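Quick caveat: nothing in here was measured; it's all calculated off a predicted structure.
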Amino acid sequence: IEMNSTNTSGSIYAYLMYYGYNSHAHNNTIKTNKAGGYTRAYVVYAGDKDSATNNTIEILGNTYTYNYLAYSCVAHYVVDNDVYIETNNRTIYGTYIGYDNGIFANNKIVHQSNTGTVTGLYMDYANGSRIYNNLIVTKTDGTNYGARAYYVYPSTSFFNNTVYTTGTGSSNYNIYVYNSSSSYGIKMYNNIFYKTGSSGYNAYVRSADQVFSDHNLYYKPSGDIFDGVKTEANLHDWRKGTGLDRNSIFYDVEFTDAANHDFSIIASSENAWAVNARAMHDTARKTDYASQAVPQFTEDGVPDIGAFEVMPTSTPPLAIASPAAPVANSTQTFTFGQDTVLTMECGATVPVSYDVRQYAGTKATPVPAGLERMFFYTEGTPATFSHSYKANTYYKDSWLGNIPIEEDAVMARKSDAGGWVGYNYNNAFRDVENNVLSTAGTIDSVGSYTAVRNGRIGIRCVYPTTGIRFSNI
């Protein structure tokens with residue numbers, strides 16, 4: 001379907017499916033170019049069990065634009081579509097998805113204007129839909145919404161999407177959640193919310209009620225990150241004030257070619273570790289945007305944040321230490337992207353320096369064959385090793401690996417030239433609510449840390465042993 005018009009008023013209507021039932025639109029192209037007025041494209045509208053796959057929609061000119069990719073539909077399946085809309089100064093109302101129990105995945109949505117208001121994905125009264133692996137790109141110096149959730153229901157899941165916005169307007173958001181009552185909310189997790197400019201916010205959430213938001217990556221060069229229920233410039237205060245994003249991260253990432261809308265992650269960049277192995281598992285998502293297989297269960301590995309999986313080939317960046325060097329009889333905290341990696345409760349003597357790196361998604365080695373352990377280790381490099389202290393090691397639920405349950409995990413330590421040793425049974429401390437593993441008392445040598453199954457690796461004691469008997473050795 002191709003329609004061009006030099007008229008500056010009136011409307012263009014382009015239809016693929018309108019009030020369909022169990023219908024399918026595949027490999028179609030809609031192209032329009034109109035000098036003014038309105039353009040409305042109806043791909044799947046008011047249908048039941050309809051599907052739309054591998055379609056291309058290109059809307060140019062300078063019109064007020066609506067793109068109903070899956071609107072007022074029940075049980076829709078909308079996958080692998082490519083949308084490009086561009087205006088000069090007119091409003092792009094959005095690519096719409098609305099109503100019940102649909103799959104909306106692997107779509108590429110690029111909306112841009114010089115100064116017009118732009119919405120990328122408009123989720124309108126979505127209920128029970130699963131929206132994932134989408135690339136959403138918006139650009140305007142006017143009002144800018146990458147993704148807009150308007151009266152969406154809490155059963156809707158928005159996950160593993162990459163939302164990228166550029167522009168200088170003050171009303172400028174990656175995600176905008178308008179939930180004015182407890183009937184409305186959303187689950188949003190494993191997403192990249194990336195802004196190239198400092199104006200506006202990564203996320204607006206009107207109310208934290210009925211909203212689940214976690215394991216997301218946020219980035220903008222400076223300024224406030226969050227708005228709505230609270231306005232905050234960092235994750236710590238946002239978590240404290242809303243209870244949201246406990247495992248999310250704030251960090252820059254390097255895309256392969258953002259200017260040409262390639263949002264795969266550069267594996268050789270140390271920033272790839274901000275994406276790698278930081279997501280939750282979701283068995284609805286079998287592959288990423290590039291059809292690469294995604295770990296389904298904790299024993300298989302850990303999925304990544306955003307629409308693309310990546311396996312870093314670089315060394316992780318150093319965690320940020322506060323204070324910068326250990327101080328006797330005080331606590332040193334290490335964070336990565338405003339997420340806590342490790343705290344060290346120092347004793348009377350300390351190393352003059354201590355560098356920490358977190359290897360998310362990677363199991364510690366070498367270990368005895370068959371040892372159950374988590375998919376992470378925290379590498380510590382101290383200037384000197386022999387000091388009395390207590391280490392509190394932080395982990396994610398998705399890193400559990402092949403340890404049967406969280407309550408069966410204990411901290412293991414590797415120091416100097418020694419191997420991994422576990423702190424088991426009454427020598428172990430665990431806080432499964434806050435995902436912390438430690439020891440019941442102080443230990444004597446600074447090093448690296450991971451999590452293993454209780455009682456399965458060489459035992460180290462922090463309390464004197466009692467009631468032990470050896471026989472027939």
Residue pair Asp80, Asn54: steps toward the side-chain hydrogen bond (donor to acceptor under 3.5 Å, both in side chains) verdict
CA-CA 5 Å; Asp80 291 327; Asn54 294 99; 4.7 Å; no
Just do the side-chain hydrogen bond (donor to acceptor under 3.5 Å, both in side chains) check on Thr87 and Ser113 with the steps written out, would you?
CA-CA 5 Å; Thr87 73; Ser113 176; 3.0 Å; yes
Min side-chain heavy-atom separation [X]-[Y] under 4.5 Å:
| X | Y | value |
| --- | --- | --- |
| Ile57 | Ile59 | yes |
| Leu69 | Val83 | yes |
| Asp237 | Arg239 | no |
| Val177 | Met188 | yes |
| Phe334 | Ser322 | no |
| Tyr125 | Tyr184 | yes |
| Leu135 | His261 | no |
| Thr242 | Val205 | no |

Testing the basics here: between [X] and [Y], what is the closest heavy-atom pair and its distance to 0.1 Å?
| X | Y | result |
| --- | --- | --- |
| Leu217 | Ala274 | CD1-O, 3.7 Å |
| Ile175 | Phe158 | CD1-CE2, 4.4 Å |
| Pro154 | Lys187 | O-NZ, 2.6 Å |
| Ala360 | Phe376 | CA-CB, 4.4 Å |
| Ala279 | Ser398 | O-OG, 3.1 Å |
| Asp282 | Tyr189 | OD2-OH, 2.6 Å |

Exercise: do [X] and [Y] side chains pair donor with acceptor under 3.5 Å:
| X | Y | answer |
| --- | --- | --- |
| Asn81 | Asn107 | yes |
| Asn392 | Ser438 | yes |
| Thr231 | Asp227 | yes |
| Lys396 | Asn247 | yes |
| Asn114 | Asn88 | yes |
| Asn55 | Asp82 | no |

When you measure from the side chain of [X] to the backbone of [Y], do you find a donor-acceptor pair of N or O atoms at a distance under 3.5 Å?
| X | Y | answer |
| --- | --- | --- |
| Asn402 | Arg373 | yes |
| Ser199 | Thr168 | yes |
| Lys286 | Thr283 | yes |
| Thr256 | Ser264 | yes |
| Asp431 | Glu433 | yes |
| Asn435 | Tyr394 | no |
| Asn179 | Ser207 | yes |
| Ser248 | Asn216 | yes |
| Ser269 | Ala267 | no |
| Asn160 | Gly306 | yes |

Got a second to check how far [X]'s [atom1] is from [Y]'s [atom2], nearest 0.5 Å?
| X | Y | atom1 | atom2 | result |
| --- | --- | --- | --- | --- |
| Glu309 | Asp304 | CD | CG | 4.0 Å |
| Ile12 | Asn33 | CD1 | CG | 8.0 Å |
| Gln210 | Ser155 | CD | OG | 10.0 Å |
| Ile403 | Tyr395 | CD1 | OH | 9.0 Å |
| Asn174 | Tyr194 | CG | OH | 10.5 Å |
| Ile305 | Met280 | CD1 | CE | 11.5 Å |

Step-by-step side-chain hydrogen bond (donor to acceptor under 3.5 Å, both in side chains) determination, Ser213 to Asp245:
CA-CA 5 Å; Ser213 182; Asp245 290 296; 3.1 Å; yes
Does the pair Tyr359 and Trp273 meet the rule for a ring pair (Phe, Tyr, Trp, His ring centres under 6.0 Å), with working shown?
CA-CA 8 Å; Tyr359 285 79; Trp273 289 95; 5.4 Å; yes
For Ile103 and Tyr77: C-alpha separation, side-chain torsions, deciding distance, then whether side-chain contact (heavy atoms from CB on, under 4.5 Å) applies.
CA-CA 5 Å; Ile103 299 294; Tyr77 181 81; 3.9 Å; yes
Using the ring of Tyr132 (Phe, Tyr or Trp, six-membered ring only), decide whether Arg285 places NZ or CZ under 6.0 Å from its centre and within 45 degrees of its axis.
no
Report yes or no: is the cationic atom of Arg413 (NZ for Lys, CZ for Arg) under 6.0 Å from the centre of the six-membered ring of Tyr449, at an angle within 45° of the ring normal?
no
So, applying ring pair (Phe, Tyr, Trp, His ring centres under 6.0 Å) with Tyr218, which one of Phe250, Phe226, Tyr251, Trp238 is it?
Phe226
Does the plane of the ring in [X] sit parallel, tilted or perpendicular to the ring in [Y]? Use 30° and 60° as the thresholds.
| X | Y | answer |
| --- | --- | --- |
| Tyr145 | Tyr173 | parallel |
| Tyr42 | Tyr45 | perpendicular |
| Tyr38 | Tyr66 | parallel |
| Tyr15 | Tyr18 | perpendicular |

Using a cut-off of 6.0 Å, state whether more than 12 heavy atoms not belonging to Ile320 lie near its atom CD1.
no
From Lys108, Gln112, His111, residue fulfilling side-chain hydrogen bond (donor to acceptor under 3.5 Å, both in side chains) relative to Tyr84
Gln112
Exactly one of Arg453, Glu372, Arg456 clears side chain to side chain contact (heavy atoms under 4.5 Å, CB included) with Asp408, and that residue is Arg453
Does Thr95 form a side-chain hydrogen bond (donor to acceptor under 3.5 Å, both in side chains) with Asn67? I'd like the steps, not just the answer.
CA-CA 5 Å; Thr95 288; Asn67 178 39; 2.9 Å; yes
Indicate, with yes or no, if the rings of Tyr178 and Tyr151 have centres closer together than 6.0 Å.
yes
Please test Tyr164 against Phe263 for ring pair (Phe, Tyr, Trp, His ring centres under 6.0 Å), starting from the C-alpha separation and ending with a verdict.
CA-CA 9 Å; Tyr164 183 92; Phe263 293 99; 4.9 Å; yes
